[in-house]
Amino acid sequence: MPELPEVETTRRQIEKIMVGRRIEAVETTRPSYFFLTPPEELRRRLPGQRVDRLDRAGKYLVAALGDGSRLLLHLGMTGQLFSSDAASVRLLSSTARASLSPEAQIRFKPDEHTHLRIRFAGSGPDLFFRDVRKFGKVEWLAHGEKSERLDRLGIDALGLTGELLFRANRARRVAIKSMLLDQSVCAGIGNIYADEALFLAGVRPGRAAKRVTRSECETIAKFVRQVLERSIETGGSSISDYVAPDGSDGGYQDERHVYARTGEPCPRCATPIKRKMIGQRSSHYCLRCQK
DNA sequence: ACCGCACCCTGAGCGC
DNA sequence: TGCGCTCAGGGTGCGG
């Protein structure tokens, strides 16, 4: 589900209910691969900790805790972080929404997909982490403990440069789009923004990375930054089920050019947008505008 | 080192 | 109404 702009939007909203507060209790579901740290350990380690900061690294959220330990959160495809003040009606698709009883529409009640609940001391809302597909992740790192997940990440996508991309592309036969999705090259881009940036740059997603010129790399990097920044301004993309923690929809889906627009006219030349699988991900592009 | 693929889950939407 | 199929914005790990 969420890429850099959605994670950043989530961070800005969740920060308000986490930072400066002390964790009082933690509730979890049963152990599953969602929990990189066993849930019983989370319930033991987290209470008493104050949240000092909430940072973002690529698509990860990193909460810095009072004793120097850290809590890593990754939303995967369907992860949702939200406050216990949020109304359930805003957490579901419009069809699912309509089938809810009026009572259920007023306030969210933790369900079997709500894998983590953090209760804070004092007044103010709790934090819920709900994830239907369980592709999300929770991990607790002790003070000074290294995280191979974070260490693997390349430069944050907002700081991608043509030079970095060009160097990474050397001798790589994979598609340029696969390079953009590779979190060790740059962190934060996902399927939507890879397609959008490549459309704006006029480069076909399937082109072999080593065949992309230096100046095209500059253009791609420029549009990657531009598309991500603009999406953050609009609150991210709400295409299938992403909604911000406060329940509002993002706005970027209305500005996208090619993603999930198969068959629709290209906004530039009116040629129907083509869809093709590249690196196991559906890719959308214009045959005429993208070389 | 690189590359393609299977896999981890659940739910929505579609054709029949 | 139900069945079977495809698809989904994530990432990891394996074998060739």
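Here is how names work: the chains are called A, B, and so on, in the same order as the sequence lines, proteins then strands, and each is numbered from 1.
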Is it the case that atom CZ in A/R268 sees more than 12 heavy atoms from other parts of the structure closer than 6.0 Å?
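Yes.
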NZ/A/K210: more than 12 non-hydrogen atoms of other groups inside 6.0 Å
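Buried by this count: over 12 neighbours within 6.0 Å.
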Residue closer to the 5' end of DNA chain C, A/L181 versus A/R275 (nearest nucleotide):
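Looking at DNA chain C, the more 5' nearest nucleotide goes with A/R275.
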May I ask you to evaluate whether [X] reaches the phosphate of [N], defined as a side-chain N or O under 4.0 Å from OP1 or OP2?
X      : N      : answer
A/H113 : B/dC9  : no
A/K137 : C/dG11 : no
A/S282 : C/dA8  : yes
A/Q280 : B/dG4  : no

Tell me whether A/Q13 contacts the main-chain N or O of A/D246 through its side chain, where contact means a donor paired with an acceptor under 3.5 Å.
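Between the backbone of A/D246 and the side chain of A/Q13 there is a qualifying donor-acceptor contact (under 3.5 Å).
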Give a yes or no on whether the backbone of A/G263 and the side-chain of A/R275 come within a donor-acceptor separation of less than 3.5 Å.
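Such a contact is absent between A/R275 side chain and A/G263 backbone.
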Protein-nucleotide distance ([X], atom [atom1]; [N], atom [atom2]), rounded to Å:
X      : N      : atom1 : atom2 : answer
A/I239 : B/dG13 : CD1   : P     : 15 Å
A/H284 : C/dC7  : NE2   : P     : 11 Å
A/I278 : B/dC5  : CD1   : P     : 13 Å
A/H74  : C/dT12 : NE2   : P     : 8 Å
A/D182 : B/dG4  : CG    : P     : 12 Å
A/Y60  : C/dG11 : OH    : P     : 7 Å
A/L180 : C/dG11 : CG    : P     : 13 Å
A/R133 : C/dT6  : CZ    : P     : 15 Å

Pairwise [atom1] distance, [M] and [N] [rounded to whole Å]:
N      : M     : atom1 : answer
B/dC5  : C/dC7 : P     : 15 Å
C/dG11 : B/dA1 : P     : 22 Å
C/dC3  : B/dC9 : P     : 23 Å

Over 60° means perpendicular and under 30° means parallel, so tell me whether [X] and [Y] are parallel, tilted or perpendicular.
X      : Y      : value
A/Y193 : A/Y252 : tilted
A/F108 : A/F82  : perpendicular
A/F34  : A/H115 : tilted

The side chain of [X] lies closest to which of these nucleotides: [options]?
X      : options               : answer
A/K59  : C/dG11, C/dA8, B/dC9  : C/dG11
A/Y33  : C/dG11, C/dT12, B/dC9 : B/dC9
A/R152 : C/dA8, C/dT12, C/dG11 : C/dT12

For a quick test of reading the model, state the closest non-hydrogen atom pair linking A/A197 to A/V224 and the distance between them.
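For A/A197 versus A/V224, the nearest heavy atoms are CB-CG2, 3.7 Å.
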What's the shortest heavy-atom distance between A/V19 and A/L54, and which atoms?
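Between these two residues, the closest heavy atoms are CG2-N, 3.8 Å.
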NA contact type, A/S32, heavy-atom cut-off 4.0 Å: base, sugar-phosphate, or nothing?
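No contact.
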Looking for any heavy atom pair under 4.0 Å, which part of the strands does A/R256 touch: base, sugar-phosphate only, or nothing?
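Counting heavy atoms under 4.0 Å across all strands, no contact is made by A/R256.
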On the six-membered ring of A/F199, is A/R256 placed so that its NZ or CZ lies under 6.0 angstrom from the centre and within 45° of the ring axis?
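Negative - A/R256 is either too far from the ring of A/F199 or too far off its axis.
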Does the pair A/R12 and A/E8 meet the rule for a salt bridge (charged side-chain N to carboxylate O under 4.0 Å, His left out), with working shown?
CA-CA 6 Å; A/R12 290 178 185 183; A/E8 178 61 21; 2.8 Å; yes
Proximity to DNA chain B (any heavy atom under 4.0 Å), residues of residues 158-174 of chain A only
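Under 4.0 Å from DNA chain B: A/R172, A/R173, A/V174.
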With a centroid cutoff of 5.5 Å and a plane-angle limit of 30°, would you call A/F135 stacked on B/dC8?
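It does: the ring sits over the base of B/dC8.
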Bracket notation of DNA chain B in which parentheses pair within the strand, [ ] cross earlier pairs, and | pairs with another strand (Watson-Crick or G-U, under 3.5 Å)
.|||||||.|||||||
